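Chain naming here is simple, since letters A, B, ... match the order of the sequence lines and numbering starts at 1 in each. Just so you know, these numbers come straight off a predicted model, no measurement behind them.
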Amino acid sequence: MFQTMADIIDFLSELNPEQYQAVTTTEGPLLVLSGAGTGKTRVLTTRVGYILAQHLALPWQILAVTFTNKAAKEMGVRLEQMVGQAALGTWLGTFHKIGVKILRRYGGYVGLQQNFAVLDSDDQERLLKNLMQQYGVDVKKYPPKMMLDVIQHWKDRGLTPDKVTHAESNDFCEGRSLDFYKLYQQKLSEMNAVDFGDLLLLPLKLFQENATILAEYQEQFHYILVDEYQDTNVAQYMLLRMLAKKHNNICCVGDDDQSIYSWRGADVDNILNFGKIFPSAKIIRLERNYRSTAHILGAASALIANNTGRLGKTLYVADETKDMGSLVCVQGYWNGAQEAEKVVEQIEDDLHRGTKLSQMAILVRAGFQTREFEDKLIQAGIPYKIIGGFKFYEREEIRDALAYLRLVLNPNDDLAFIRIVNKPRRGIGEVVMQSLQVTAQQNHISLFEAIDKAELKTAPKKSLDSFKTLVLAWQEHSKNLSPVDLAKEVMDQSGYMMMWRLDKSPEAPGRVENLQELYNVLGDFESIEQFIEYASLLTENDEVATSEQLVVMTLHASKGLEFDTVFLPGWEEGLFPHQRALDEAGDLGLEEERRLAYVGLTRAKKNAHISYASNRRVYGQWQNSLPSRFIKELPEEHIDMRGNNRMGYGASFADVRMPWARENLVPKSRKGKQVMHETFGKGVVLRENGQMLEVAFENGGIRKIVAQYLTEI
DNA sequence: ACCACGATGCTTTTT
DNA sequence: GCATCGTGGT
C-alpha cells in the first residue's frame, strides 16, 4: 500500500538542496540540468516516489521515460524500494516500449493490426534492399543502408512520407529516396510490421489525427518525467509536448554536455531551447559531483569548456574534505599492441593493489579497438566482457530461432519465412523463391500462402508442403505448450538444432549452447509474443556485467556508468576525434566528439588513464597518427605525462606532447575535393586510404586512383 | 542447388 | 585483416 509521508521523508533528507528542489518542484515544466555524477537517477526516482507518497497522482497517471531498458529497470527497482507496491502501474519504460504500448491499443487507427511485428535493423535493411533492387536501383552505387539512414532521419524528425518536402528528397539516389520511403512504409503496412522509428512516428500520427485519443492520454498523464533529455529527437520531443499539454507537468532531466547521439537524430536544441518552448519553465542545475576526484573533474571541466553553445555548468566536488586524488595519466605508446599490453599490465597492478576487476573499464572510441585488448586480456588470463559487440539476440542462430517462432505466430511473416525456409537445407533455392515471390505479389498473399498456388516442380513442392504442415502443426501446439516447450519442439522437428549439432565448424558448439541459453531465457516469459517483443526492444546497455570481470566497451555505451579506474585508449587524431565525425559534421562533429571525451573522463571515480599510439593498423595497413587535440586541452595541473619523455622509441616528450605545433605536417583530408584525371576527367574524392583515393567522376563512374595521377582543382 | 574460391568493401557510435 | 558477397564450377 501507499507509504506515508514519514517514509518518504527519509529519502528526502538524503538529498542536497538542489536535488531537493528538483524533487519537490512538481508543478509546471522543469528542466534539471544534471552534470555527470550529480545524482540524476536518485532525483528521478525520488521525484516519482514523492508524487506518489503525496498522493499528487495515481501510479498510472505518471509517465517516466528513459532511453534504455536498463535505466528503466534500475528506476523500477529503486522505486519499489522506496514506495513498495505503490510503484506498480507507473508508466515506466523506454520511448520505444511506450510507443508499442500505445500502438497495441490504438494501432488500428494508423493501419496496424494488434499483433504487429517490430523489425530489427537487419530486417529493415533487407526489406529496403529488396525493394530497391526490384525497382532497378544499383545497390552498389546506392547502399540500402544509406537509404535507410535517410528514411530514419525523416522519421526521427517526425516526418511521415507526405510531410517530406520535395527539396529534401533530392539528395540521395537520384531523388528517389522519398519514393522508396513511401514504398517501404507501404510494404511494412502490408506485412503488419513497424520499425524502430515507427514506434515514435505512428503514435505521433495517431495523436495528430485523433484528437479524442490524444485527449485521453493528455488527461491521463498528470506528471511526465524524461531521462537523458539531451538525447531526444524531434519526434520524441513532439510526442512529449503533446502529452504534456493538458497538465503541463513535465520534468526533463539531462546534460547538454553529454549529448552524444546527434548522428542518430538526437537534437541538442531540445534541451537548449527548453526555456523558450515552455516559457514558464524553471531550471535547476545539479553541479555537486559525488563521483570523481578533483583532478578528474578539473580535467574534464577544462576539456568541455572548449565547446561553444553550452548551457553551462560548473561541476565541483561535493565532499570538500576529499583529497585531490591522482592526476589523470596521459601516456603515449609506439603502437596499438604496446598500448594494449601496457594497459593490461596496469590493470594487473591495480588488481594486486586491491581494485576490483568490476571497478575497472576500458572505454574505446570504436568497436575495432577491442580486438587488441581482447588478445592481451586472454594472454593475461583476466576475465573480461566486451559489451556491445554482438548482442545475444543479434546472433545468427538466435535470430533464426526467433524467425521460426515468429513464423509460428504468424505464417504470413514473409521476412521470417525467407530467413529460415531453407535453414536447414530444404532444397529451396533462388528459383523456387522467385516463383513464390511472383505468385505472392500477383495474388496479394504472403509467401507462405503462395506455397499452394505457385507452380513448382515436384521436389520443392513436396519439400515446401511438408514444411507448411510442420508450421501449421506447431501453430496448433502453441496453444497448449509453454514457450520453452514450443521452442524446443520447433527447433528439434525443424531440424534446425540438428543442423548445428552436425556442423563441424568451430563456432557450431557455441551456437548450440546459445540456443539452449535461449530456452533458459524463454522460461521467464508467459508467451512467445511477450518474448519476441522483449527481444526486439533490447538495447545495448541491457546486458549488465554482474560478475567479477573487466568490461570493455565503447564510450557511447559507457554513458551512465561509473568505475574506480577507467582506461581511455586511442586518443589520436583521426580516431578520436573520429575523422568521419569531422568530415560529416565539421565543428559540430568535433564538439560532439569532445562531449564523448567528457563522458569518458567523468566515468572515472578515482583514476583515469588516457593513452594514444603513434602507429596503428587500420584496414590491415599501418598508419601513423598524432595525439588527439583533446590531450592538449587538458590543463597541465591535472595531468601526469609521465613516461612520455623516456619511451625509448625515439619519440621524446616534446615530440609527442607538442606535435600539434606542427599541424601543417598533418596530411589534410582530401575528401570532398574536386580533382581532375587525364583520362577520366573531373571528379570528386569520396574516400581516401593513404595514397589510394576513391573518386566519383562526372561521367558516373567510381574508381580507385593513386593520388599522384590526380590534380586538385 | 550447393559449394569453393576470389573479389570487394569495410569500421564510429545504436534506440 | 577480416567477413561478406557474388561468381563459376560441379
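Checking the phosphate oxygens (OP1, OP2) of B:dT14, a side-chain nitrogen or oxygen of A:Thr554 falls inside 4.0 Å.
For A:Arg595 and A:Tyr598, the positive end is not near the middle of the six-membered ring at less than 6.0 Å and at most 45° from its axis. In this structure, A:Arg501 forms no cation-pi arrangement with A:Tyr496, as its terminal cationic atom is not both closer than 6.0 Å to the ring centre and no more than 45° off the ring axis.
For the atom pair A:Gln623 CD and A:Asn615 CG, the distance stands at 10.0 Å (nearest 0.5 Å).
Aromatic pair A:Trp263/A:His153: ring centres not closer than 6.0 Å.
Set against C:dG1, B:dT15, C:dG6, the side chain of A:Arg617 has C:dG1 as its closest nucleotide. The side chain of A:His96 approaches B:dT15 more closely than any other nucleotide in the set B:dT13, C:dG6, B:dT15.
By the criterion of a centre-to-centre distance under 5.5 Å and near-parallel planes under 30°, the ring of A:Trp263 forms a stack with the base of B:dT13.
Distance CZ (A:Phe368) to C1' (C:dC2): 14 Å, rounded to an integer number of Å. One interatomic measurement links the two molecules: CD of A:Gln369 to C1' of B:dT13, which rounds to 12 Å at whole-angstrom precision. For the pair A:Asp149 CG and B:dT14 C1', the interatomic distance rounds to 11 Å; values are reported in whole Å. A straight line from NZ of A:Lys145 to P of B:dT14 spans 11 Å, rounded to a whole angstrom. Here B:dT15 presents its P atom at 22 Å from CZ of A:Arg157, a figure rounded to the nearest Å. Atom CD in A:Gln579 sits roughly 17 Å away from atom P in B:dC10 (whole-Å rounding). Rounded to an integer number of Å, the gap from A:Glu592 CD to B:dT14 P is 13 Å. Summarising the geometry, the separation between CG on A:Leu148 and P on B:dT15 is reported as 15 Å, rounded to the nearest angstrom.
A search for side chain to side chain contact (heavy atoms under 4.5 Å, CB included) contacts involving A:Glu593 returns A:Arg365, A:Phe576, A:Pro577, A:His578, A:Ala581, A:Leu596, A:Phe630, not counting sequence neighbours.
Positionally, the nearest nucleotide of DNA chain B for A:Pro460 lies more toward the 5' end than for the other of A:Asn233 and A:Pro460. Comparing A:Val432 and A:Arg371 by the nucleotide of DNA chain B whose heavy atom lies nearest to each, the residue mapping closer to the 5' end is A:Val432.
Of the residues A:Leu112, A:Val118, A:Asp198, the one that meets the side-chain contact (heavy atoms from CB on, under 4.5 Å) test with A:Leu103 is A:Leu112. When each of A:Leu188, A:Ile418, A:Asp195 is checked for a side-chain contact (heavy atoms from CB on, under 4.5 Å) with A:Leu127, only A:Leu188 meets the rule.
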Between the protein and nucleotides 2-5 of chain B, which nitrogen or oxygen pairs are less than 3.5 angstrom apart?
from  : atom 1 : to       : atom 2 : distance (Å)
B:dC2 : OP2    : A:Asn422 : ND2    : 3.4
B:dC3 : OP2    : A:Arg425 : NH1    : 2.7

